[in-house]
Amino acid sequence: MVKVINMPIKLSLICPVYKVAEFIPDLMQSLLFGINTDKVEIIFVDDCCPENSISLCESFILEHKSDIRFNSTIIKQPINIGQAAARNAALLIAKGEYIGFIDSDDVIASNYWDVLSSYVTDGTRDIIEFSFAEFSTTVPLSVNNEVIESESTNTALFDSGFFVWTRLYKKEMLKGLKFPEGVIYEDIYYNIHAFSMAESILRLSNTLVYYRKRAGSTTSSRTSSYSNLLLNMTNAVKATLSSFDKKNVVVAQVARYSLLVSLKGFTIKNRSDRKIFFNSCKKINFSFKRDFSKNNNSIVAAIKFKLSYFVCLVGRFL
């Protein structure tokens with residue numbers, strides 16, 4: 001379903017949709033109230049839904065066509081191959097000067113566009129960051145229109161997190177960047193590449209996305225696939241390290257994450273799966289050893305990196 005675009009598109013908001021029928025009404029209402037402008041296109045990607053999630057999106061757009069001003073496009077994937085592929089499909093057709101993301105079980109704040117519009121229209125920032133808050137059942141209604149700006153750096157994401165839906169990216173800056181398919185934690189890979197290319201990053205104080213905390217996404221459910229977090233991080237850093245001015249900061253952050261991820265491997269309940277996890281992390285750490293040694297100047301970071309390797313060695317036998 002395509003709505004005719006009459007105005008230049010300033011923002012393309014990408015939303016993969018898969019098995020979230022019960023949450024679609026909240027999402028669609030939030031889009032109607034929070035980003036209802038003809039300067040925005042929302043690209044819904046039907047990731048081969050086995051239920052009626054995407055039809056609920058279509059029905060909402062049809063029922064509210066007299067009120068909806070945002071442009072909408074629905075892509076239907078032929079097979080279910082995951083969120084990364086769904087986002088990549090949308091990136092291929094996105095017309096906006098900026099790219100944003102929202103997950104179909106989350107919602108945007110009612111002042112999302114009110115806060116971001118001036119920055120998107122200005123178009124001088126490569127990345128615009130904002131905050132998020134968690135909720136479980138009731139969608140938060142309170143908003144804060146007071147904007148506090150702060151300059152950010154391309155290494156700040158290691159502390160502020162890797163979610164793509166807390167940022168807008170200038171499409172020209174991205175140079176066709178895509179998400180790695182077939183792995184989880186693909187946001188890490190995407191963001192490290194994006195931040196390595198960014199020259200101007202602005203952080204806004206406002207909470208503009210609400211993340212739905214769903215049952216089942218707890219640390220007790222971790223498996224060996226958790227090693228993909230570290231894999232995506234090291235692969236991305238190895239590919240982009242030359243673009244960072246503060247290479248020592250980047251490798252020190254990798255060492256910190258390496259230790260944290262390795263330690264969390266002990267929460268994997270299945271012993272054989274836990275062994276797979278620690279073997280994977282050990283190999284990932286070893287593959288990053290040369291880049292770390294070449295660029296590190298911190299004794300603390302060196303200790304963390306060695307400890308993570310030791311944890312992996314011991315963890316295989318526990």
For [X], all residues meeting salt bridge (Lys or Arg N to Asp or Glu O under 4.0 Å), sequence neighbours excluded:
X      : result
Lys10  : Glu97
Arg167 : Glu129
Lys19  : none
Asp114 : none

- Message: Before you tell me yes or no, could you show the steps for Asp47 and Gln83 under side-chain hydrogen bond (donor to acceptor under 3.5 Å, both in side chains), namely the whole-Å CA-CA distance, both residues' side-chain angles and the distance that decides it to 0.1 Å?
- Response: CA-CA 8 Å; Asp47 199 14; Gln83 181 170 253; over 6 Å; no

- Task: Taking the side chain as every heavy atom from C-beta outward, state whether Phe266 and Val311 have any atom pair closer than 4.5 Å.
- Result: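 Side-chain contact under 4.5 Å: yes.
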
Of all heavy-atom pairs between [X] and [Y], which one has the smallest distance, and what is that distance?
X      : Y      : value
Pro16  : Ser104 : O-OG, 3.1 Å
Phe162 : Asp187 : O-CB, 3.2 Å
Phe292 : Ala255 : CE1-CB, 3.7 Å
Ala90  : Ile75  : CA-CD1, 3.8 Å

- Message: Ignoring hydrogens and geometry beyond distance, is a side-chain donor-acceptor pair present between Asn145 and Asn111 at under 3.5 Å?
- Response: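 Side chains of Asn145 and Asn111: pair found under 3.5 Å.
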
- Message: Under a 3.5 Å threshold, yes or no: a donor from one side chain and an acceptor from the other, between Ser262 and Ser308?
- Response: no

- Examine Phe310 together with Phe305 and report whether their ring centres are nearer than 6.0 Å.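 They do not qualify: ring centres at least 6.0 Å apart.
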
- Please work out whether the ring planes of Tyr190 and Phe179 are parallel, tilted or perpendicular, with thresholds of 30° and 60°.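 Tyr190 and Phe179: parallel rings.
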
- Query: Is the Phe101 ring parallel, tilted or perpendicular to the Tyr169 ring (thresholds 30°, 60°)?
  - Reply: perpendicular

Measuring from atom [atom1] of [X] to atom [atom2] of [Y], what distance do you get when rounded to the nearest 0.5 angstrom?
X      : Y      : atom1 : atom2 : answer
Ile108 : Ile35  : CD1   : CD1   : 5.0 Å
Asn235 : Ser287 : CG    : OG    : 7.0 Å
Ile74  : Ile54  : CD1   : CD1   : 4.5 Å
Ser258 : Leu263 : OG    : CG    : 9.5 Å
Ile42  : Cys15  : CD1   : SG    : 8.0 Å
Ser280 : Leu230 : OG    : CG    : 10.0 Å

Within one Ile-Leu-Val-Met-Phe-Trp-Tyr cluster: [X] and [Y], side-chain cutoff 4.5 Å:
X      : Y      : answer
Tyr257 : Leu259 : yes
Val183 : Val164 : no
Leu11  : Leu208 : yes
Leu202 : Leu157 : yes
Leu116 : Phe33  : no

Check whether any side-chain N or O of [X] sits under 3.5 Å from a backbone N or O of [Y] as a donor-acceptor pair, and report yes or no.
X      : Y      : answer
Asp103 : Asp105 : no
Asn52  : Ser55  : no
Ser152 : Arg203 : no
Asn297 : Asn248 : no
Ser53  : Cys49  : no
Glu51  : Ala21  : yes
Asn206 : Asn144 : yes
Ser205 : Ile148 : yes
Ser227 : Ser224 : yes
Lys264 : Val261 : no

- Message: Looking at Arg212 and Asp26, is any side-chain nitrogen of the basic one under 4.0 Å from a carboxylate oxygen of the acidic one?
- Response: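 Yes, charged N to carboxylate O under 4.0 Å.
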
- Does the distance from a Lys or Arg side-chain N to an Asp or Glu carboxylate O, for Arg125 and Glu172, drop under 4.0 Å? no

Please say whether more than 12 non-hydrogen atoms of neighbouring residues, nucleotides or ligands are located less than 6.0 Å from [atom1] in [X].
X      : atom1 : result
Lys178 : NZ    : no
Lys39  : NZ    : no
Leu92  : CG    : yes
Leu318 : CG    : yes
Lys171 : NZ    : yes
Glu134 : CD    : yes

- Given a cutoff of under 4.5 Å between side-chain heavy atoms of I, L, V, M, F, W and Y, with clusters grown through shared members, what are the other residues clustered with Tyr309?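 Besides Tyr309, the hydrophobic cluster comprises Phe286, Leu313, listed by chain and residue number.
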
- Item | Co-members of Tyr18 in a cluster of I, L, V, M, F, W and Y side chains, linked at under 4.5 Å |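 Cluster partners of Tyr18: none, it stands alone.
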
- Matching residue for Trp165 among Tyr210, Phe132, Tyr112, Phe130 - test: ring-ring contact (aromatic ring centres under 6.0 Å, His included): Phe132

- Using the side chain to side chain contact (heavy atoms under 4.5 Å, CB included) rule, take Val45 and Gln77 through it: C-alpha gap first, then chi angles, then the decisive distance, then the call. CA-CA 7 Å; Val45 186; Gln77 296 283 74; 3.7 Å; yes

- Task: Please lay out, stage by stage, how Asn296 and Ser298 fare under the test side-chain hydrogen bond (donor to acceptor under 3.5 Å, both in side chains).
- Result: CA-CA 6 Å; Asn296 180 58; Ser298 166; 4.6 Å; no

- Task: Determine, stepwise, if the pair Ser200 / Asp126 fulfils side-chain hydrogen bond (donor to acceptor under 3.5 Å, both in side chains).
- Result: CA-CA 5 Å; Ser200 176; Asp126 290 329; 5.7 Å; no

- Task: Would you sort out whether Leu204 and Tyr119 count as a side chain to side chain contact (heavy atoms under 4.5 Å, CB included), showing the intermediate values?
- Result: CA-CA 10 Å; Leu204 306 180; Tyr119 300 99; 3.7 Å; yes

- Determine, stepwise, if the pair Tyr189 / Tyr185 fulfils ring-ring contact (aromatic ring centres under 6.0 Å, His included). CA-CA 8 Å; Tyr189 184 94; Tyr185 301 107; over 10 Å; no

- Identified side chain to side chain contact (heavy atoms under 4.5 Å, CB included) counterpart of His64 within the set Leu32, Leu31, Asn36: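 Single side chain to side chain contact (heavy atoms under 4.5 Å, CB included) partner of His64 among Leu32, Leu31, Asn36: Leu32.
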
- Message: Tell me whether Arg274 forms a cation-pi arrangement with Phe277, defined as NZ or CZ under 6.0 Å from the six-membered ring centre and within 45 degrees of its axis.
- Response: no

